[in-house]
Amino acid sequence: MDITIIRVKTGEDVLCNLVEKTDAGYKIKDPMALVPTPDGRLAFIGWMPYADQTDGLFIPAEFVWMTVKPESQIETQYLGFKTGLVTPNKNVTAPQLNLVGAQ
């Protein structure tokens, strides 16, 4: 997966799996719009949820202002939403385990 933020010319930031980039444009899957909330957080909402996205979506190159790689925390959250899997942060350690019945 190539997780990318695409800023389109309307000002929307689209977090997505970039499937293919050509001179004509960008083929994406699983797009989510990044929306700042009044309390300073960042919300993820479906982008074009009413469209048939079975084969992905195509964004013409002239509609894209720029593309950037997301911060690792945003990428991890996105992957958690899309796959249902959550990866722990690097500071997680296993608890000390004691065997029961072994004497």
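Values reported hereafter were calculated over all heavy atoms of this structure, with side chains retained and with hydrogens, waters and symmetry mates removed.
Here the NZ atom belonging to K29 is positioned 12.5 Å from the CG atom belonging to L18, to the nearest 0.5 angstrom. In this structure, the separation between CH2 on W47 and CG on D13 is 11.0 Å, given to the nearest 0.5 Å. We find the CG-CD distance between L42 and Q77 to be 8.5 Å, quoted to the nearest 0.5 Å. Between M32 atom CE and I5 atom CD1 the span is 12.5 Å, to the nearest 0.5 Å. If you take CE on M66 and NZ on K9, they are separated by 13.0 Å, rounding to the nearest 0.5 Å. Residue K21 holds its NZ atom at 14.0 Å from CD1 of I28, rounded to the nearest 0.5 Å.
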Side chain to side chain contact (heavy atoms under 4.5 Å, CB included) between Y78 and I3, worked out: CA-CA 9 Å; Y78 172 79; I3 309 305; 3.5 Å; yes
CA sep, side-chain torsions, deciding dist, call: Y26, F58, ring pair (Phe, Tyr, Trp, His ring centres under 6.0 Å): CA-CA 6 Å; Y26 301 79; F58 181 78; 8.2 Å; no
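Checking each of L34, T76, L15 against P70 for a side chain to side chain contact (heavy atoms under 4.5 Å, CB included) leaves exactly one that passes, namely L15. Of the options I6, L57, T67, D30, a side chain to side chain contact (heavy atoms under 4.5 Å, CB included) to C16 is made by I6 and by none of the others.
Looking at Q53, its side chain does come within 3.5 Å of a backbone N or O of M48 through a donor-acceptor pair. With K27 contributing its side chain and D55 its backbone, the two residues share a donor-acceptor pair below 3.5 Å.
Residues K69 and E75 are paired through a salt bridge, judged by an N-O separation under 4.0 Å between the basic side chain and the carboxylate.
Remark: D23 CG is loosely packed, at most 12 non-hydrogen atoms of other residues, nucleotides or ligands lying under 6.0 Å away.
If you chain together hydrophobic residues whose side chains sit under 4.5 Å apart, Y50 and V35 never meet in one group.
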